Amino acid sequence: MINITLPDGTVRQVESGATSMDVAESISSGLARKVLAAEVNGEVRDLGRPIFEDADLKLLTWDDEGAKSTLWHSGAHLMAEALEALYPGIKFWVGPPVENGFYYDVDFGGAAFSEKDFDLVEKKMLELARQKNPYVRKDITKADAMAFYKEKGDEYKLDLLEGLEDGTITFYTQGNFTDLCRGPHIPDTGYIRAVKLMNVAGAYWKGDESNKQLTRIYGVAFPKQKMLDEYLVMLEEAKKRDHRKLGKELDLFTFSEKVGQGLPLWLPKGAQLRARLENFLKEAQRKAGYEPVITPHIGNKELYITSGHFAKYGADSFQPIETPAEGEVYLLKPMNCPHHCEIYKSRPRSYRDLPVRYAEFGTVYRYEQSGELHGLTRVRGFTQDDAHIFCTVDQVKEEVSKVIDLVLYIFQTLDFQDYQVQVSLRDPETPEKYIGSDENWENAETAIREVAEEKGLNTVIELGEAAFYGPKLDFMVRDAIGRKWQLGTVQIDYNLPERFELEYTGADNAPHRPVMIHRAPFGSMERFVAILVEHCAGKFPLWLTPEQVRILPLSDRFIEYCEGLEKVLDNYDIRALIDRRAEKVGKKIREAELDKVPYMLIIGEKEAESGELAVRKQGEGDLGTMSVEAFASFIDDEIGALLNKQE
RNA sequence: GCCGGUGUAGCUCAGUUGGCCAGAGCAGCUGAUUUGUAAUCAGCUGGUCGGGGGUUCGAAUCCCUCCACCGGCUCCA
């Protein structure tokens with residue numbers, strides 16, 4: 001007998017060789033029906049794997065990540081089985097579970113596969129699922145596995161096998177499909193009751209652009225049809241928050257083929273919103289000791305040769321501009337830092353001056369690959385809320401710390417809670433991708449890691465994600481459809497000061513080299529506004545929203561009174577517009593609601609006589625009547641609460 | 001950039017297997033209505049069916065090409 005310890009601490013004695021499923025059945029038949037996988041001593045396994053020693057056991061049901069990914073992994077195998085049955089001779093690369101389902105990379109051997117084929121595959125998957133074929137695990141020698149795939153003529157799986165050690169190799173078979181796989185899997189295909197293929201896309205083999213492109217098919221699988229239905233509804237809801245859709249509906253921004261792809265045009269409401277965000281940050285930066293600077297949109301090519309950007313990105317950038325007479329070569333500014341370096345150099349610096357903090361809402365232009373452009377989150381012309389801090393080595397940690405505080409202040413004010421802090425370091429395997437001395441890199445990486453730790457940030461370390469000149473600390477958030485984007489960023493740079501030969505005179509009266517910190521709390525105004533739109537589903541905080549109040553006269557007899565009211569509100573710094581159309585109030589309300597205007601004032605006979613306001617709140621309805629003064633302080637309180645929440 | 005998909009009025013969409021002068025709702029304009037908490041009524045305007053080329057007696061519908069957008073991949077100073 002062996003002792004199985006369950007998460008609640010209870011110990012069950014079972015025969016050696018019993019399976020996790022046996023344990024589940026011994027607890028309750030209800031649990032046995034729901035359980036999908038087992039976590040044995042911290043490792044997720046098949047329910048059918050026998051246990052021979054004392055172990056900690058957690059039975060995993062759908063709500064456990066481990067169970068979900070197990071079922072999705074099995075879904076990938078089920079999809080592969082269906083595909084192989086429908087398209088004989090196709091070859092498979094890998095088919096892992098991912099965050100929202102699974103995918104499988106397939107070589108269709110030149111045959112086209114598109115969304116039109118989804119239906120057929122889904123039907124086949126469900127048909128195979130109903131057969132309740134068990135997922136059978138089998139240990140196999142490397143030689144036998146190689147022989148199996150040689151006979152199949154499958155170069156992809158042979159390639160995978162190359163990297164595996166004999167003795168660790170397992171096959172899983174369900175129905176007629178056998179796959180090289182370490183598992184785990186659900187007991188049988190019958191656990192999958194609902195499937196849907198989500199999309200199909202090209203994916204380079206091994207993620208390398210120079211390799212052949214395989215067909216990647218994404219899908220989801222669920223143990224209940226209802227779960228799939230709910231998932232699809234959720235996706236629909238998320239699409240409604242998409243900033244590209246809301247940006248159009250709320251008249252925030254647009255694009256024009258004629259202007260060029262990836263070059264956003266800010267409409268008046270969007271521009272107002274953005275200006276308010278900028279002013280908010282300008283004020284915070286002023287308090288934090290930043291000084292504004294302004295630099296042009298182009299710069300001499302020499303500037304970027306000095307900075308190293310030309311060597312690194314020159315060929316992949318918008319191409320140089322030449323002056324007609326002198327033949328001088330200029331580049332569209334892809335970065336603000338070289339310009340700021342030259343500002344630093346414009347006069348001698350003393351250690352007493354440091355840190356120097358130059359801030360600029362600097363618009364930069366980058367030739368992003370056409371397939372990468374995406375709404376406002378990835379564009380070719382955008383404005384960074386950039387600043388460069390020039391400081392001594394001793395000041396680096398404190399400055400980084402202050403920048404992080406600034407980002408957190410902004411996130412808190414705008415109620416961004418769901419973010420991840422990514423610490424991007426060098427990839428030790430590819431030193432050729434980076435410039436600068438090892439010693440400087442060491443210093444910078446250590447500083448960033450230490451500050452992140454001291455701040456108690458929830459960080460993930462990413463090797464190989466550093467900028468070519470230094471490590472980064474990025475605040476990552478998700479958009480409505482689950483994609484991750486970088487917003488706030490802090491980057492330490494020992495490199496540019498060297499390239500630009502920046503100096504300051506120390507207390508020892510000798511020249512020293514400053515350290516540079518690049519930082520942008522929003523990241524770019526475009527991306528930040530995009531994420532903000534999605535975050536609040538277009539219902540902006542009252543202090544930011546372009547139109548805070550819409551005045552709705554009941555008939556045109558009251559327009560004049562409303563105009564007076566508008567002026568009064570303006571004196572209170574309340575942004576109000578009048579809907580003057582000869583429409584019924586119901587329609588005006590409906591449209592104000594759809595425009596997500598926070599407050600509506602319905603003005604008719606009663607209001608004109610009494611001077612009171614009939615107030616309606618967007619999304620909530622009638623708030624009753626109040627005086628203008630009461631309304632103004634009501635608005636004021638709401639804004640105050642929003643802006644002071646960090647205190 | 002690569003793979004796949006999409007592209008019809010300002011917006012959202014219909015347009016059977018190629019076949020009358022290409023349709024609807026909303027928006028816009030004109031007029032009527034003067035309205036009490038999510039759509040008042042009527043009339044009108046508006047599209048070289050993404051651009052170009054081709055097949056055909058005939059193309060929004062089929063083919064080629066370019067452009068843009070969408071979903072991924074790769075990239076992201």
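All chains are named by letter (A, B, ...) in the order of the sequence lines, taking the proteins before the strands, and each is independently numbered beginning at 1. What you see is a predicted model; the values in this text were computed from it and never measured.
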I'd like to know if [X] reaches the base of [N] with its side chain, counting only an N/O donor and acceptor under 3.5 Å.
| X | N | result |
| --- | --- | --- |
| A:R378 | B:C75 | yes |
| A:Y204 | B:G1 | yes |
| A:R616 | B:U37 | yes |
| A:E257 | B:A68 | no |
| A:R244 | B:C70 | no |

Assign [X] to base, sugar-phosphate, or nothing according to its heavy-atom contacts below 4.0 angstrom with the strands shown.
| X | answer |
| --- | --- |
| A:R581 | nothing |
| A:H374 | sugar-phosphate |
| A:N199 | sugar-phosphate |
| A:G207 | sugar-phosphate |
| A:Y469 | sugar-phosphate |
| A:E593 | base |
| A:K258 | nothing |
| A:V585 | sugar-phosphate |
| A:I217 | nothing |
| A:Q618 | nothing |

| query | Among pairs that include at least one residue of residues 240-251 of chain A, which meet salt bridge (Lys or Arg N to Asp or Glu O under 4.0 Å), considering only residues two or more places apart or in two chains? | reply |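 Qualifying pairs: A:E237-A:K240, A:D242-A:R244, A:K245-A:E249.
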
| field | P-based separation of B:C76 from B:C64 [nearest Å] | value |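 My reading of the P atoms in B:C64 and B:C76 gives 34 Å.
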
| task | Could you measure between the two P atoms, the one in B:G43 and the one in B:A38, and give it in whole Å? | result |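 B:G43 and B:A38 have their P atoms separated by 28 Å.
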
| query | Given the rule that a pair is Watson-Crick or G-U wobble with both distances under 3.5 Å, how would you write RNA chain B in dot-bracket, using | for pairs to a different strand? | reply | (((((((..((((.....[...)))).(((((.......))))).....(((((..]....))))))))))))....

| task | Round to a whole Å and report the spacing from NZ of A:K248 to C1' of B:C11. | result |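 Going from A:K248 (NZ) to B:C11 (C1'), I get 8 Å.
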
| query | Atom CD1 of A:I559 to atom P of B:U34: distance rounded to whole Å? | reply |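 Distance check: A:I559 CD1 to B:U34 P gives 15 Å.
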
Taking 4.0 Å as the cut-off, does a side-chain nitrogen or oxygen of [X] come that near to OP1 or OP2 on [N]?
| X | N | result |
| --- | --- | --- |
| A:K239 | B:C70 | no |
| A:K587 | B:A27 | yes |
| A:Q486 | B:C76 | no |
| A:Y218 | B:C73 | yes |

| query | Could you state the interatomic distance from CD (A:E445) to OG (A:S424), rounded to the nearest 0.5 Å? | reply |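 Atom-to-atom, A:E445:CD and A:S424:OG are 10.0 Å apart.
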
| message | Can you see whether A:K333 engages A:T295 through a side-chain donor-acceptor pair at a distance of less than 3.5 angstrom? | response |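 Yes - a donor-acceptor pair under 3.5 Å links their side chains.
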
| Can you tell me if A:K617 and A:Y599 form a side-chain donor-acceptor pair at under 3.5 Å? |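 Yes, because at least one side-chain N or O of A:K617 sits under 3.5 Å from a partner of the opposite role on A:Y599.
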
| Between B:G1, B:A77, B:A39, which one does the side chain of A:R590 approach most closely? |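 Nearest nucleotide to the side chain: B:A39.
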
| query | Would you say the side-chain atoms of A:W72 pair up with the backbone N or O of A:V220, donor to acceptor, closer than 3.5 Å? | reply |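 No, because the side chain of A:W72 does not come within donor-acceptor range (under 3.5 Å) of the backbone of A:V220.
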
| message | Aromatic contact between A:Y104 and A:F92, with the criterion being ring centroids under 6.0 Å apart: yes or no? | response |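 Yes, ring centres under 6.0 Å apart.
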
| Lys/Arg N to Asp/Glu carboxylate O, A:R550 vs A:E593, below 4.0 Å |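 Salt bridge: no.
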
| said: Under the criterion of centre distance below 5.5 Å and interplanar angle below 30°, is A:Y313 classified as stacked on the base of B:A77? | reply: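 By the stated criterion, A:Y313 and B:A77 stack.
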
| query | Do you know which of A:Y434, A:F468, A:Y494, A:Y469 makes ring pair (Phe, Tyr, Trp, His ring centres under 6.0 Å) with A:W441? | reply |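 Of A:Y434, A:F468, A:Y494, A:Y469, ring pair (Phe, Tyr, Trp, His ring centres under 6.0 Å) with A:W441 is met by A:Y434 alone.
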
